[in-house]
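Below is one structure, written out as structure tokens, with a few remarks after it.
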Amino acid sequence: MFSAAHLKEGIQERMQAYDDLNIDILKNLLKLLPLNPHFTNAEVVDTFRQFQDFINAKCQIAHMSTAEFEIREDRCHKALEILLYGVIDRKETSHD
């Protein structure tokens with residue numbers, strides 16, 4: 001008989017490849033973007049992993065529906081946008 005802990009381990013093992021893919025995509029994006037000199041690539045990746053872990057913990061459901069999975073993906077996408085671009089609109093305004 002399988003326990004809840006065993007199921008959790010199995011889910012984590014299956015999600016690892018997906019999480020690794022997300023990290024690889026982030027690393028490739030970071031190669032193309034000018035990085036703030038106050039941060040290293042490793043710090044950005046670590047912060048994204050923390051975001052990802054938080055979202056995963058919040059959405060941890062053994063039988064996630066398609067809609068719930070899409071919500072999780074949307075949250076991950078928004079977390080990545082915030083991480084990469086921040087939350088402040090930096091458009092220049094004209095002072096005529």
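This is a predicted model, so every value here is computed, not measured.
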Legend entry - With sequence neighbours excluded, residues passing side-chain contact (heavy atoms from CB on, under 4.5 Å) with Gln50: Asp46
Legend entry - Interatomic distance, Lys27 atom NZ to Leu30 atom CG [nearest 0.5 angstrom]: 9.5 Å
Legend entry - Listed partners of Phe48 passing side-chain contact (heavy atoms from CB on, under 4.5 Å), at least two apart: Asn22, Ile23, Leu26, Gln52, Leu80, Leu83
Legend entry - Non-hydrogen atoms of His38 and Glu43 that approach each other most closely: O-OE1, 3.8 Å
Inset, instruction - Can you run down the salt bridge (Lys or Arg N to Asp or Glu O under 4.0 Å) pairs that involve residues 76-85, sequence neighbours left out, and say none if there aren't any? - result: Asp74-Lys78
Inset, instruction - State which residues pass side-chain hydrogen bond (donor to acceptor under 3.5 Å, both in side chains) with Asp24; sequence neighbours excluded, sorted by chain then number. - result: none
Legend entry - Results of side-chain contact (heavy atoms from CB on, under 4.5 Å) for Asn28 - residues two or more places apart only: Lys31
Legend entry - Under the side-chain contact (heavy atoms from CB on, under 4.5 Å) test, residues paired with Leu32 that sit two or more places apart: none
Legend entry - Within-4.5 Å side-chain heavy-atom neighbours: Asn36 and Val44: no
